[in-house]
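Report on the following structure.
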Amino acid sequence: MGNQLDRITHLNYSELPTGDPSGIEKDELRVGVAYFFSDEEEDLDDRGQSERYTVRDSSPSECEGHLLLNEIEFSAFSCQECIFSKLRGSQDLSVYPMQGLLTFCQPGDLLELLFICPAADHPPPPSPHWAVYVGQGQIIHLHRGEIRKDNVFEVGGGCMGRVVSSWYRCRPLTAELVLQNACGHLGLRSDEICWTNSESFAAWCRFGNREFKAGGEVHSGNLQYFLKLHLEENNIHTMRFHSLEELIREKRNLDASGKLRVIKELSMMENKE
């Protein structure tokens, strides 16, 4: 996986420092920052791993239309401050059909769309896709090199989804500013875009932190990010990064690989040590 695995303990919860409180970056902050768009893993295309998601044993909640997935759980830290949490023990990670999901979505919410593989011989699903919900079934998202506005049923009619607004432990902007951020970038393409994936763009719209942009923070020897993989009980691995953008990219790669594959690879690495 290209990163040194370490173990860390005794980490505290806090927030990632925010950028401009309006969520809109000033021109002078862009000097010397290389903006680019990467197509490395995107997002509602034909790629993915068939073993990435499996459905847990049936439960009463699943009979009501939503599912619990057997997936990798994550937490992330900036130095010793928690900035991201996706943990079943403290959060509802259920996924819902689109029609049911939209009944409790609010404008400015962040959505994660997932295609669930119903059978072993079904074509592999694409990677999870993040979007900003703007209301009336409409989303704004980064898709194949363009920031666009679409009907969620046209983009993800065959998928399930969940609200992920609380996964990042940052101070959110008001819904009005979130929508302003998203709408203000509609139509941008390729080299005009400074986010490498749909998750980074959606998170920037909601929180305004320039760390979500590619090249948006100055690398420092004192600044380190840690991504913790919660695979099984008492099976936690930690990876180090020098920027939030790098951490998000690797987290998405791991998510796309699937829990079983990641466990196998980590086991092989530990046996070689």
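- With hydrogens and angles ignored, the 3.5 Å screen pairs a side-chain donor or acceptor of R252 with a backbone N or O of P128.
- Side-chain contact between V134 and P107: absent, with no pair of heavy atoms (C-beta onward) separated by less than 4.5 Å.
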For a side chain to side chain contact (heavy atoms under 4.5 Å, CB included) check, start with the C-alpha distance between E71 and L93, then their side-chain angles and the critical distance, and finish with the verdict.
CA-CA 10 Å; E71 57 185 331; L93 301 185; 4.3 Å; yes
Worked check of side chain to side chain contact (heavy atoms under 4.5 Å, CB included) between H143 and V155:
CA-CA 10 Å; H143 178 40; V155 172; 5.8 Å; no
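- For the atom pair F212 CZ and S243 OG, the distance stands at 12.0 Å (nearest 0.5 Å).
- The side chain to side chain donor-acceptor pair (under 3.5 Å) test applied to Y133 returns no partner, not counting sequence neighbours.
- Without hydrogens or angle criteria, T238 side chain to K228 main chain gives no donor-acceptor distance under 3.5 Å.
- Here the shortest heavy-atom pairing between S75 and L87 reads CB-CD1, 4.5 Å.
- Partners of N151 according to the side chain to side chain donor-acceptor pair (under 3.5 Å) rule, which considers only residues two or more places apart in sequence or in another chain, do not exist here.
- The closest donor-acceptor contact from the side chain of N197 to the backbone of S200 lies under 3.5 Å.
- Under the 3.5 Å distance criterion, the side-chain polar atoms of E192 are matched with a main-chain donor or acceptor of R189.
- The closest side-chain heavy-atom distance from L247 to F77 is not below 4.5 Å.
- Looking at residues two or more places apart in sequence or on another chain, you find a salt bridge (Lys or Arg N to Asp or Glu O under 4.0 Å) between D150 and R148.
- The distance from atom CZ of F226 to atom CD of E81, rounded to the nearest 0.5 Å, is 12.0 Å.
- Residue-environment remark: CD (Q99) stays at or below the threshold of 12 foreign heavy atoms within 6.0 Å.
- Shown are H230, K86, K259, R88; of these, the side chain to side chain donor-acceptor pair (under 3.5 Å) with E73 is made only by R88.
- Aromatic ring pairs are classed by plane angle as parallel below 30°, tilted from 30° to 60° and perpendicular above 60°; the pair W204 and W195 is tilted.
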Does L101 form a side chain to side chain contact (heavy atoms under 4.5 Å, CB included) with M160? I'd like the steps, not just the answer.
CA-CA 8 Å; L101 176 66; M160 302 183 77; over 6 Å; no
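- Environment of CD in E176: sparse, with no more than 12 heavy atoms of neighbouring residues, nucleotides or ligands closer than 6.0 Å.
- Looking at I248 and Y168, their side chains come closer than 4.5 Å, going by heavy atoms from C-beta outward.
- Once rounded to the nearest 0.5 Å, the distance linking SG of C183 with CD1 of I147 reads 11.0 Å.
- At a threshold of 4.5 Å between non-hydrogen side-chain atoms, the residues L110 and S165 count as touching.
- Across M98 and G161, no two heavy atoms sit closer than the pair CE-N, 3.4 Å.
- Contact check for E211 versus Y225: side-chain heavy atoms found under the 4.5 Å cut-off.
- Rounded to the nearest 0.5 Å, atoms SG (C159) and CZ (F153) are 10.0 Å apart.
- Side-chain contact between L254 and F74 is present, with at least one heavy-atom pair separated by less than 4.5 Å.
- Taking both residues in full, the closest heavy atoms of V132 and A202 are given as CG2-CA, 4.0 Å, listed atom of the first, atom of the second, then distance.
- For the atom pair CE of M239 and CG of L229, the computed distance is 6.5 Å after rounding to the nearest 0.5 Å.
- Between G137 and L102 the shortest heavy-atom distance is CA-CD1, 4.1 Å.
- Here the side chains of L111 and V164 are not in contact, with every heavy-atom distance at 4.5 Å or above.
- T174 contributes a side-chain N or O that, together with a main-chain N or O of L177, makes up a donor-acceptor pair within less than 3.5 Å.
- If you take CG on D255 and CD1 on I72, they are separated by 6.0 Å, rounding to the nearest 0.5 Å.
- Taking all atoms of both residues into account, the shortest heavy-atom contact from N209 to C170 is ND2-SG, 4.2 Å.
- Counting only distance, with no hydrogens or angles, the side chain of R206 and the backbone of G108 share a donor-acceptor pair below 3.5 Å.
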I would like to know whether I140 and F201 meet side chain to side chain contact (heavy atoms under 4.5 Å, CB included); could you show each step before the answer?
CA-CA 10 Å; I140 294 177; F201 170 69; 4.2 Å; yes
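- Summarising the geometry of V163 relative to C105, their closest heavy-atom pair is CG2-SG, 3.8 Å, with the distance given to 0.1 Å.
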